[in-house]
Amino acid sequence: MITAPKQPSAYTVHPRLVASRAIAIIRWPFTNKFAAPIWLVLRLYIASIWFQMSISKFRAGWLTSDPLSQLFKLIENGTMPVPLPFYREIAGAMLHAGITPYLSHGMPFLEMAAALAFASGVLVPVAAVGAILLNINIILSGMGTPAFDAPIIASQILFLLSYRVVGAIGFERIALRILGAAVRAVRPARQTAKAS
């Protein structure tokens, strides 16, 4: 009887090796500078959404009127549905504190600031935190919907997770150089003023 010689065993897969490679693949877009073009495309898309929302508020006259006061009155009275009932009390408190004109006038500028930060790549993680808070407020007030705003919030959370590379393609380095030069120019002037 002829028997075939034993063949060497097949490639053995080690679970730790598989797990470490899977983690490396998952971490790649958040840590590798070669993923910066992906973040640039997503940043520009989210910036365009914030830009459109800001421009629509400028065109609708948010700087010359107080649309949030009417909105908060509807929310407080229960006429406008909100996802969470506690927001009625918050809307009433802001309405009675008299800060709705400031919020109405500031909201288009905040949205434009988020759009400019995402488009330019300057302070993207900071802008992402502010934009997430704006999105949550928009959803809670009933102006937005989770179906539209949740993907935007998810994108901004991804910006936070990729803080190392999200602004790699952009103007952040130039902005930091300009700021550094301005600080260095101001310091000698302060020192000479203190000396005299």
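Please read these numbers as outputs of a predicted model, since none were measured by experiment.
- Between the Asn77 side chain and the Lys73 main chain, a donor and an acceptor come within less than 3.5 Å of each other.
- By the neighbour-count criterion of 12 heavy atoms within 6.0 Å, atom CZ of Phe86 is densely surrounded, having more than that number from other residues, nucleotides or ligands.
- In this structure, the separation between CD1 on Ile49 and CZ on Phe148 is 5.0 Å, given to the nearest 0.5 Å.
- Using a 4.5 Å heavy-atom cutoff, the side chains of Asn135 and Trp50 are in contact.
- Under a hydrophobic-cluster definition in which Ile, Leu, Val, Met, Phe, Trp and Tyr are linked whenever side-chain heavy atoms come within less than 4.5 Å, directly or via other members, Ile139 and Leu84 are assigned to the same cluster.
- Not a single side-chain contact (heavy atoms from CB on, under 4.5 Å) links Ala113 to another residue, sequence neighbours left out.
- The same ILVMFWY cluster, assembled from side-chain heavy atoms under 4.5 Å apart, contains both Met94 and Trp62.
- The shortest side-chain heavy-atom distance between Phe118 and Leu42 does not fall under the 4.5 Å cut-off.
- Side chain of His105 to main chain of Thr100: no donor-acceptor pair is present (N/O by atom type, distance under 3.5 Å, no hydrogens or angles).
- When all heavy atoms are compared, the tightest approach of Ser65 to Ser104 is O-CB, 4.0 Å.
- One hydrophobic cluster holds both Leu95 and Ile99 under the rule that ILVMFWY side chains link at heavy-atom gaps under 4.5 Å.
- A search for ring pair (Phe, Tyr, Trp, His ring centres under 6.0 Å) contacts involving Tyr163 returns nothing, not counting sequence neighbours.
- When side chains are defined from C-beta on, Val82 does not count as touching Ser141, because their heavy atoms never get closer than 4.5 Å.
- Phe72 meets the ring pair (Phe, Tyr, Trp, His ring centres under 6.0 Å) test with no other residue; sequence neighbours excluded.
- Rounded to the nearest 0.5 Å, atoms CZ (Arg43) and OG (Ser48) are 12.5 Å apart.
- Counting heavy atoms of neighbouring residues, nucleotides and ligands inside a 6.0 Å radius, atom OH of Tyr87 exceeds 12 of them.
- Remark: Gln156 CD to Asp149 CG distance equals 9.0 Å, nearest 0.5 Å.
- Residues Ala117 and Ala127 come closest through the heavy atom pair CB-CB, 3.4 Å.
- Looking only at distances, no side-chain donor or acceptor of Asn32 sits under 3.5 Å from a matching main-chain atom of Trp28.
- Contact check for Leu160 versus Val129: side-chain heavy atoms found under the 4.5 Å cut-off.
- Of the options Glu89, His96, Arg88, a side-chain contact (heavy atoms from CB on, under 4.5 Å) to Glu76 is made by His96 and by none of the others.
- Between the CZ atom of Phe159 and the CD1 atom of Ile46 there is a distance of 5.5 Å, given to the nearest 0.5 Å.
- Ser54 is linked by a side-chain contact (heavy atoms from CB on, under 4.5 Å) to Phe58, Pro108, Glu111, Met112, counting only residues two or more places apart in sequence or in another chain.
- In terms of hydrophobic clustering, with Ile, Leu, Val, Met, Phe, Trp and Tyr side chains grouped at heavy-atom distances under 4.5 Å, Leu116 and Phe109 are assigned to a common cluster.
- Distance CG/Leu110 to CG/Leu134: 5.5 Å, rounded to 0.5 Å.
- Going from atom CE of Met107 over to atom CE of Met53 covers 7.5 Å, rounded to the nearest 0.5 Å.
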What pairs of donor and acceptor atoms, side-chain ones from residues 164-176 against any protein atom, are under 3.5 angstrom apart with sequence neighbours left out?
from   : atom 1 : to     : atom 2 : distance (Å)
Glu172 : OE2    : Leu123 : N      : 3.0

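- For Tyr45, the ring pair (Phe, Tyr, Trp, His ring centres under 6.0 Å) test picks out no residue, with sequence neighbours left out.
- Hydrophobic clustering, with ILVMFWY side chains joined whenever heavy atoms are under 4.5 angstrom apart, groups Ile157 together with Phe30.
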